[in-house]
Amino acid sequence: MKIEKIKKKIKYSLSFALVLCLLIGALVFMYFHLNSSFLVQYEKILSDIADIKVKTQELEKKSLENKKYMELWSQITEKRKSFSGIKVEEINKLVNTLSEKYSINSPITKVNIPENFSSNIYQNETLSILYTIVEISFNAYNDVKAIQFANELVDNLHGYPIITKFEFNKESDYSIKDYFDISSGKSIGKIKAKLIFSWYVYKEGSPNLSQTNNPPKNDNK
Amino acid sequence: MLSNKAIVVLIGNNGTIISKHDGDGVSTEFIEKFTDEQKPNLTTFFTKNKNHQVYILLDTIDQTYKKKTYPAMRTYDLDKIAKRDLSSDGDKEGLKNYIILKNHKATPKKSIIKRTESTSNKSDCLFITSSKSENISNWLNFIYELPNRLIGIYMLPVESYCLFRKILKNTVPNKSKDVLKIKENNIFCLVIQTKTGGARQIVFSDSSIVFTRVVNYNFEEPSFAEKYSQDIYSTFEYLKRLYIDLTLHEFEVINIFPEKASSQIMQTKNVELNVSNYTVKNIADILKINKLKIEDDNIDGIISSTFVNSKKILKFTNQRIRNNEIMYFVKLGSYAINFLLLFFLIGITSLVFITNQSITDKIDKSQDQKVIALGEFSKVKKSSLQGNYQEGDKEISLERVGDMGRVEQGLGNLGHDFIKTYSKMKFSNNFDMQFSFFSYDLISFNSYTSKNKTTEKQLKLIGKLNNKSGDIENLFTEFDNYLVEMRKNLPEYDIKYNELPRNIDFNQKYYSFPIEFRIIVKPNENREN
């Protein structure tokens, strides 16, 4: 056979092989490209589905929460819902009024500077929470009056005054002289009491970054 | 038998026979002289049968067979030396090759003939050369240009060994496969008449050709038989130089002649000679070659037919044929690569298709799932409580309701109730006891979290229990009675206290004893955080 003819055939054959290689290369590329792009698309759909499911669950949860909180809403007193803020003069006035009512002597009131309560704790979106610690020490003639004073004082405050500590002690028993002194206004009573409470009140306005501080610590462990 | 597609170009000094072998049979054509006028017809013939491989078989006079003996060595080394000897030959144009002869193992008992040179410690090599005549060159140049694949050039005497073996195998009565083993020490002389080269003696040992010589016979001549006998004797004498112990009985002559010539030979009544006579027709019958048309008394057709269907013994080649072969195998290789690539292409196409299909299915399914999820979402959205909460005339946003609800949930239950607890303890007036200390605490309260599940409200009372009689029995009784009363009136509380010590002095009077109670409001387990 003519060697030129064979060479020609080889040339054609190799050209065909080259074409086949190119086709294979293109197909391999297509395979991986399609695979990866399809995979991306597929994964996106899956993540979309997961997102939708999460959102659905969140919505369901939120809906349930809303239902629960709507039921709870009617149980929350107007006092607790109040947006009056924290006013020291109001506390002092209340302390003075109740002191007279329950014969409380030497009441000393200390109110910390109110701070914004972190919105992360209650995830509040539409309102801010002000927080402070109030400490009142006083003298009373008896335990009942001391308890009634503390109870009425806290009950008269709006928002959430949470008593974290209330204690009193009787230093000694009353003598006849003490009774005379009390009637003449010379004695201040033998019951020494101390009341500490955390006070949370609402403030209008959505929480912002500056309001995300941690509250001052008032923990009993 | 004739299954190989091949064309054998048998070139001799008297002309050329072109025989085509395929499933249809054998067709032959004799060309006395190769001229340019014949080329177009021949080209057409070859082109028509371009799938037939071409073998060139030379039946020329100028072939030389020269045996050379080397010291015993490995076949590989012998091969290298033989090649070197072959290349050192001055004739660069001629066709040359060699056969490494099998070592003759001379065993005294069985061996009748002892080769003078073939001993176990020597290696024999038969060098075969043929000059490339103008006629051969013309044919080669012509065949090179044809579309057919030229396999190689072969020598008719060498390749006749297969024919000889077949004849021997088919003419021995017991037809044993190892027929030649019986006669392994014999020397055979095949005398044939071809149209292309005339009459020829070919001498074979048990394993290969020994030599050949062209003998010109005219069967019409009256002195033919005499001349024939002389030639046989002279061949025998020549062989005696190689095989000293060779006897006339061991020198078997097989004639393939026309019947007339055979009868002339038999008439000479030369009993010494071990002669077997066959006609071409006899041989065709013996070898069961029935597709070949026997037209004359020449054996060319049978030789080429046997050659095509037998294992080739010795190929003569040149650079051009070698290059052609290399290119042919490169072409085959490229076809194989193409086939593989095509196969791979089909495979990968299928893979792409299947993968695409499966991914598309997956995507379709996931799209359906997405639609379902979206449907579910919109359904929940529709049924979910959103917007505002109506409280009388007031509209309150649900977010506000949620905000306050969460605070209420966290702080609403932490309100004090000590006044209620304290009032429940009125029964204390019935006991002779005095409390000097009261405290109320929120235990484990953490203002940093909305979850104060473990927060406890604790009331602590410290005082003393009076005992007017001073009797210790009364003291214990009074304490136990007080405890019973406490548990009765404050069932929803945990009451903890300091026990009266049991190791106190019973002879002593105790008019009062210190007491301490802790009243703990149990954490509200239903409280949600």
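In what follows, every chain begins at residue 1, and chains take the letters A, B, ... in the order their sequences are listed.
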Would you check if the side chain of [X] reaches a backbone N or O of [Y] as a donor-acceptor pair within less than 3.5 Å?
X: A/Asn151; Y: B/Ile419; answer: no
X: B/Arg406; Y: A/Asn124; answer: no
X: B/Asp441; Y: A/Lys165; answer: no

Taking the side chain as everything from C-beta on, heavy atoms only, tell me whether [X] gets closer than 4.5 Å to [Y].
X: B/Leu341; Y: A/Cys21; value: yes
X: B/Val401; Y: A/Asn66; value: no
X: A/Leu127; Y: B/Met404; value: yes
X: A/Glu167; Y: B/Phe437; value: yes
X: B/Ser439; Y: A/Phe166; value: no
X: B/Asp403; Y: A/Tyr202; value: no
X: A/Lys68; Y: B/Gln409; value: yes
X: B/Phe418; Y: A/Ile163; value: yes

Item to check | Short side-chain donor-acceptor distance under 3.5 Å, B/Glu408 and A/Tyr160 | outcome: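 There is such a pair between these side chains.
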Checklist entry - Can you find a side-chain donor-acceptor pair between A/Asp143 and B/Tyr422 that sits under 3.5 Å? => result yes
Please look at [X] and chain A and tell me whether the side chain, the backbone, both or neither of the residue comes under 4.5 angstrom of a heavy atom of that chain.
X: B/Leu342; answer: both
X: B/Ile359; answer: side chain
X: B/Gln434; answer: side chain
X: B/Thr355; answer: side chain

Between [options], who has the most heavy-atom pairs with chain B when the cutoff is under 4.5 Å?
options: A/Val19, A/Thr56, A/Asn169, A/Leu72; answer: A/Thr56
options: A/Leu14, A/Leu34, A/Val154; answer: A/Val154
options: A/Glu65, A/Lys81, A/Lys194, A/Gln148; answer: A/Lys81
options: A/Arg80, A/Gln41, A/Lys192, A/Lys53; answer: A/Arg80

Got a second to check how far [X]'s [atom1] is from [Y]'s [atom2], nearest 0.5 Å?
X: B/Leu414; Y: A/Ser198; atom1: CG; atom2: OG; answer: 9.5 Å
X: B/Ile337; Y: A/Leu18; atom1: CD1; atom2: CG; answer: 12.0 Å
X: B/Glu376; Y: A/Leu59; atom1: CD; atom2: CG; answer: 11.0 Å
X: B/Asn446; Y: A/Ile121; atom1: CG; atom2: CD1; answer: 8.0 Å
X: B/Gln369; Y: A/Ile52; atom1: CD; atom2: CD1; answer: 11.0 Å
X: A/Tyr31; Y: B/Thr349; atom1: OH; atom2: OG1; answer: 13.0 Å

Item to check | Residue pair A/Glu204, B/Arg400: steps toward the salt bridge (charged side-chain N to carboxylate O under 4.0 Å, His left out) verdict | outcome: CA-CA 11 Å; A/Glu204 280 291 2; B/Arg400 171 66 54 92; 3.1 Å; yes
Item to check | Where B/Ala373 and A/Ile49 come nearest, the two heavy atoms and their spacing | outcome: CB-CG2, 4.4 Å
Checklist entry - Nearest heavy-atom pair of B/Leu398 and A/Met70: which atoms, and what distance? => result CD2-SD, 3.3 Å
Toward chain B, the part of [X] with a non-hydrogen atom under 4.5 Å:
X: A/Glu71; answer: neither
X: A/Tyr12; answer: neither
X: A/Leu64; answer: neither
X: A/Lys190; answer: neither

Item to check | Test applied, side chain to side chain contact (heavy atoms under 4.5 Å, CB included); reference residue, B/His416; option that passes from A/Ile162, A/Asp155, A/Leu195 | outcome: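 Filter result, single survivor: A/Asp155.
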Checklist entry - Stepwise, does the side-chain contact (heavy atoms from CB on, under 4.5 Å) test hold for A/Tyr122 with B/Leu411? => result CA-CA 10 Å; A/Tyr122 291 106; B/Leu411 299 173; 3.4 Å; yes
Checklist entry - B/Tyr440 and A/Ile147: side-chain contact (heavy atoms from CB on, under 4.5 Å), yes or no, with the steps? => result CA-CA 10 Å; B/Tyr440 166 83; A/Ile147 286 175; over 6 Å; no
